[in-house]
Structure formats: structure tokens, C-alpha cells
Amino acid sequence: MDGTRRNDIRPGTKVKVVQKHHQRSGELTEGVVARLLTNSATHPHGIKVKLESGIVGRVKEIIQ
């Protein structure tokens with residue numbers, strides 16, 4: 001699943017995110033969601049989240 005729908009993501013969900021400074025390279029970072037930062041129901045580039053490690057990025061992939 002991609003990370004464009006807020007309903008698919010909850011704190012504790014394992015995801016892969018792209019950080020702002022990695023958007024051009026597309027490098028993904030894996031982690032567990034601590035907080036959702038995007039308030040809208042959807043976002044075309046992915047829902048912005050804060051991981052438990054403190055990293056902020058947009059969800060590109062939800063890991064089952």
C-alpha cells in the first residue's frame with residue numbers, strides 16, 4: 001500500500017518514509033509511526049509522519 005490515505009496509517013504502523021533531503025534520490029527510511037503530522041484525509045505525495053526515532057518524512061510504503 002502507498003501512504004497517501006490517512007486512514008491507512010496509525011501510530012505503531014511500520015512504514016517506509018522519504019525524508020525532505022532525500023526526495024530527489026528517493027532514499028527510503030524504515031520505522032514505526034509515532035505521530036501523524038498531516039491533518040487532511042489524503043495527500044498526493046504521502047502522509048507526513050514522525051517516526052519513533054524522531055525522523056520526519058512522507059510515507060511511501062506501508063509494511064504489512
Side-chain angles (χ1 to χ4, degrees):
M1 271 195 295
D2 66 351
T4 58
R5 292 182 43 211
R6 194 173 196 273
N7 285 344
D8 296 337
I9 305 164
R10 305 213 180 306
T13 306
K14 197 168 187 182
V15 296
K16 289 186 181 178
V17 301
V18 64
Q19 297 175 64
K20 182 81 172 174
H21 59 276
H22 289 150
Q23 282 178 340
R24 293 183 126 203
S25 68
E27 182 182 326
L28 298 179
T29 305
E30 193 173 306
V32 177
V33 176
R35 285 185 56 214
L36 280 77
L37 303 177
T38 299
N39 290 323
S40 62
T42 63
H43 192 285
H45 301 296
I47 300 298
K48 189 180 279 188
V49 297
K50 184 173 191 174
L51 301 180
E52 289 178 347
S53 61
I55 293 171
V56 173
R58 293 200 180 271
V59 177
K60 292 298 178 185
E61 193 178 323
I62 299 171
I63 302 168
Q64 303 297 14

**Student:** Hey, quick one: are Val18 and Val49 part of the same hydrophobic cluster, counting side-chain heavy atoms closer than 4.5 Å, chains of contacts allowed?
**Tutor:** no

**Student:** Please test Val17 against Val56 for side chain to side chain contact (heavy atoms under 4.5 Å, CB included), starting from the C-alpha separation and ending with a verdict.
**Tutor:** CA-CA 8 Å; Val17 301; Val56 173; over 6 Å; no

**Student:** Return yes when atom NZ of Lys60 has more than 12 non-hydrogen atoms of other residues, nucleotides or ligands closer than 6.0 Å, and no otherwise.
**Tutor:**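 Enclosed: over 12 neighbouring heavy atoms sit under 6.0 Å from NZ of Lys60.
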
**Student:** Can you give me the closest heavy-atom contact between Thr4 and Ile47, atom names plus distance?
**Tutor:**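 Closest approach of Thr4 to Ile47: O-CD1, 3.7 Å.
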
**Student:** Looking at every non-hydrogen atom in both residues, tell me the closest pair between Pro11 and Ala34 and how far apart they are.
**Tutor:**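 Of all heavy-atom pairs spanning Pro11 and Ala34, the closest is CB-O, 3.7 Å.
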
**Student:** Can you give me the closest heavy-atom contact between Arg6 and Leu36, atom names plus distance?
**Tutor:** CG-CD2, 3.6 Å

**Student:** Keeping Thr38 on the side-chain end and Lys48 on the backbone end, is there a donor-acceptor pair under 3.5 Å?
**Tutor:** yes

**Student:** Rounded at 0.5 Å granularity, tell me how far NE2 in His45 sits from CG in Asp2.
**Tutor:** 12.5 Å

**Student:** May I ask whether Val15 and Met1 are part of the same hydrophobic cluster, defined by side-chain heavy atoms of I, L, V, M, F, W, Y residues being less than 4.5 angstrom apart, directly or through others?
**Tutor:**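 Linked, Val15 and Met1 end up in one cluster.
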
**Student:** Which heavy atom of Glu61 sits nearest a heavy atom of Leu28, and at what distance?
**Tutor:**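 For Glu61 versus Leu28, the nearest heavy atoms are OE1-CD1, 4.4 Å.
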
**Student:** If you group Ile, Leu, Val, Met, Phe, Trp and Tyr by side-chain heavy-atom gaps below 4.5 Å, do Ile55 and Ile62 land in one group?
**Tutor:**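 Same hydrophobic cluster.
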
**Student:** Are there more than 12 heavy atoms of other residues, nucleotides or ligands under 6.0 Å from atom CZ of Arg5?
**Tutor:** no

